[in-house]
Amino acid sequence: MTQRVIAHVDIDYFYAQAEELRKPELKGKPIAICMFSGRTEFSGAVATANYRARELGVHAGMPIAFAKKKSKELILIPADRAYYSEVSARVMDILRAHSDEFEQVGIDEAYLDITKKTQSSFVSARKIAQDAKAQVLEEEKLTCSVGVGPNKLIAKMASSFKKPAGLTIVAPAEVKDFLRAMRIADLHGIGPKTVEVLAEKKITTIPKLAQTPVANLQEWFGENKGLMIHEKALGEDDSAVEEKEKQQYSRIMTLKEDTSSPEKLFEESRALADELAKKSNENGVHFKTVSIMLISSKLEAVTRSKTLERPAQKEEEILATAKELFGQFFSEKPGFVVRRFGLRVSNFSQSAREKQKSIFDF
DNA sequence: GCGGAGATGGACC
DNA sequence: CTAACGGGTCCATCTCCGC
C-alpha cells in the first residue's frame, strides 16, 4: 500500500471574507454575517464572524441579539448564499486542478488527494499546498488554511492548527506527537456528547483514549462508533477522497409565529416544496421518501416520513405527502407548538451514473 | 435472520 | 431590563414488520 498524501483546505472565515472582498470598506471593521429568521428584528444566528469581531467575543452560532450586545461597532450583514456559492465554485475549480482526487465538503472546504502528484513525498506536498494557496489568493483574493497529512482526519486537524492563512504539514512519523498536543474534542467526528461520556470514564486525553481497549469503547458507544473512536484516537482513517452524491435535500424555515395548525404549515410548505422540486429537477434525481420536520419552541424535534409507491420529482407530490403527514401528526399530538419546520426528500432512485457503474460491479 | 421503512439523535459547517 | 438561537446534510442506531 502506497503512502497516501492528503490535503485539507479551509477558506478562512469564508462568508465574512467574501463580504470584505466586495465591500473593501468593511476591511478592518468587526463584521458578523447573519441568518435572520425574520421573526423579530434581530432573531437569528451568526453564521460567520471575521477576526475583528471574534476579538470582541462574537462567534458563529451565537444569537444575533447576543452578538449585538457585545459591541456597538459590530456590523451585521445578512448572509447571501447565492453569492458565496459563486465564489466558492471558482475556488473549488482552482483547488481541484491541484489534486489527483477531489472532494468538496460544505461550501468552504475540500480534501485533495495528492498522493500521485507528490509521489508520496510530504516535502513535495508543501510546494503543492503553497501553489494552491497562492493561486486562490492571486485569482480570488481569498486566504485559506491548509493541512497536509497521511489521511483525511489528520489533514483536517492540521488545517485548523494554524489560522488564518496557515500551512501545517504532518508527516506520518509526526502523527503521534501532533495528536498528543490535541484535545479529544479536536478529533473530527467526536462531538460534545461523546467527550462528556468519555470524561465520566476519566478519559480526557487522546493518549489515554488510544490506550482504552476497543471492547470498552464498543460497550459504551456501540460496535461501529466504538471502533471509529478507537481509530481516530490512533490517528487512523482510511476513508477515500471522492466526490459524494447527495443523499437527501431539505429546506427548513422559522415561522413568524408559533402554530399548531396543519393548514398553516401546509400553506408555508409551498415555497419549500417548490425549491425541493426544482433542486431534484436540476440534479435529475427522483425521490421515494418525503419527510416533514417539526421543531417546537423548546427545540424538541420530530420527524415523520412516508415512502411513496414510486419515485417522484414533482412539487405536487411533495405537498400532497406533506399535507397527509401534517394531518396525521396533529391528530396524534394536537397540542404540539411549532416554531420552525421543514421538508425533506430522500431515498433517491439510482442516478444515471450509478447505473452505469453497477453494470461493471459484477 | 434480513431488508425496508420510519423515528431519533449526534455531529459538523 | 432580560432573554435572546439558522439552515443543511450525513450517519448510526433502534424498532417494527413482513417474509
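Within every chain, numbering begins at 1; the chains are lettered A, B, ... in the order of the sequence lines, protein sequences first and strands thereafter.
- Contacts of A:Gly106 with the nucleic acid, taken as non-hydrogen atoms under 4.0 Å apart, are absent.
- Checking each of A:Arg340, A:Arg339, A:Arg39 against A:Asp258 for a side chain to side chain donor-acceptor pair (under 3.5 Å) leaves exactly one that passes, namely A:Arg39.
- Between the P atom of C:dG8 and the CZ atom of A:Arg81 lies a distance of 6 Å, rounded to the nearest Å.
- Of the listed nucleotides (B:dG6, C:dG8, C:dA4), C:dA4 has the atom at the smallest distance from the side chain of A:Phe66.
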Would you check, one step at a time, whether the test salt bridge (charged side-chain N to carboxylate O under 4.0 Å, His left out) holds for A:Arg90 with A:Asp93? CA-CA 5 Å; A:Arg90 294 199 301 266; A:Asp93 284 344; over 6 Å; no
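- Using a 4.0 Å heavy-atom criterion, one finds that A:Ile190 contacts the sugar-phosphate atoms exclusively.
- Phosphate contact (OP1/OP2 of C:dA4, side-chain N/O of A:Ser43, threshold under 4.0 Å): absent.
- Note on A:Lys69: a base of the nucleic acid sits closer than 4.0 angstrom, heavy atoms only.
- In this entry the distance linking OH of A:Tyr111 with P of B:dC12 reads 11 Å, nearest Å.
- What separates CZ of A:Arg339 from P of C:dA4 is a distance of 9 Å, to the nearest Å.
- Rounding to whole angstrom units, CE of residue A:Met35 and P of B:dC13 are separated by 16 Å.
- Within 4.0 Å (heavy atoms only), A:Ser37 reaches sugar-phosphate atoms of the nucleic acid but no base atom.
- Considering only side-chain atoms of A:Lys193, the nucleotide from B:dG6, C:dG7, B:dG10 that sits closest is B:dG10.
- When distances are taken from the side chain of A:Lys156 to each of C:dT13, B:dT8, B:dC13, the shortest belongs to B:dC13.
- Side chain of A:Asn224, nearest nucleotide from C:dT13, B:dC13, C:dG7: C:dT13.
- Nearest to the side-chain atoms of A:Ser305 among the listed nucleotides B:dA7, B:dC13, B:dG10 stands B:dA7.
- Residue contacts for A:Val302: at a heavy-atom cut-off of 4.0 Å it reaches the sugar-phosphate backbone alone, with no base atom in range.
- Spacing of C1' atoms, B:dC12 relative to C:dG6, comes out at 14 Å, to the nearest Å.
- Counting any heavy atom pair closer than 4.0 Å across all strands shown, A:Thr40 reaches no nucleic acid atom.
- Residues A:Val46 and A:His59 are not in side-chain contact: their nearest non-hydrogen atoms beyond the backbone lie 4.5 Å or more apart.
- Residue A:Arg340 places at least one side-chain N or O under 4.0 Å from the OP1 or OP2 atom of C:dG7.
- The side chain of A:Arg304 approaches B:dT8 more closely than any other nucleotide in the set C:dG7, B:dT8, C:dT9.
- Comparing A:Tyr249 and A:Gly226 along DNA chain C, the residue whose closest nucleotide (by nearest heavy atom) sits nearer the 5' end is A:Tyr249.
- Which of C:dT9, C:dC5, B:dT8 sits closest to the side chain of A:Lys246 comes down to C:dT9.
- Atom C1' of nucleotide B:dA5 and atom CD of A:Gln247 are separated by 16 Å, given to the nearest angstrom.
- Residue A:Arg39 is out of contact with every strand shown, counting any heavy-atom pair closer than 4.0 Å.
- With C:dG6, B:dG6, C:dA4 as the choices, the nucleotide that has an atom nearest any side-chain atom of A:Ala47 turns out to be C:dG6.
- Contacts of A:Ser291 with the nucleic acid, taken as non-hydrogen atoms under 4.0 Å apart, are absent.
- Figure legend: A:Arg54 and A:Tyr51 shown as a cation-pi pair, the cationic atom lying under 6.0 angstrom from the six-membered ring centre and within 45 degrees of its axis.
- In this structure, A:Lys133 contributes its side chain and A:Ala165 its backbone to a donor-acceptor pair below 3.5 Å.
- The nucleotide whose nearest atom lies closest to any side-chain atom of A:Lys225 is, among B:dG10, C:dC5, B:dG6, B:dG10.
- Of the side-chain N and O atoms in A:Lys68, none sit less than 4.0 angstrom from OP1 or OP2 of C:dC5.
- Residue A:Thr254 is classed as a sugar-phosphate contact, given heavy-atom separations below 4.0 Å to backbone atoms only.
- Atom NE2 of A:His188 is separated from atom C1' of C:dC10 by 10 Å (rounded to the nearest Å).
- For A:Glu257 and A:Lys264, the salt-bridge test fails: no basic side-chain N is under 4.0 Å from an acidic carboxylate O.
- In this structure, A:Gly222 and A:Arg251 both approach DNA chain C, and ranking their closest nucleotides by distance from the 5' end singles out A:Arg251.
- If you take NZ of A:Lys152 and C1' of B:dC12, they are 13 Å apart, rounded to a whole angstrom.
- To the nearest 0.5 Å, atoms OG (A:Ser37) and CG (A:Leu255) are separated by 10.0 Å.
- Following rounding to the nearest Å, A:Lys70 (NZ) and C:dC5 (P) show an atom-to-atom distance of 16 Å.
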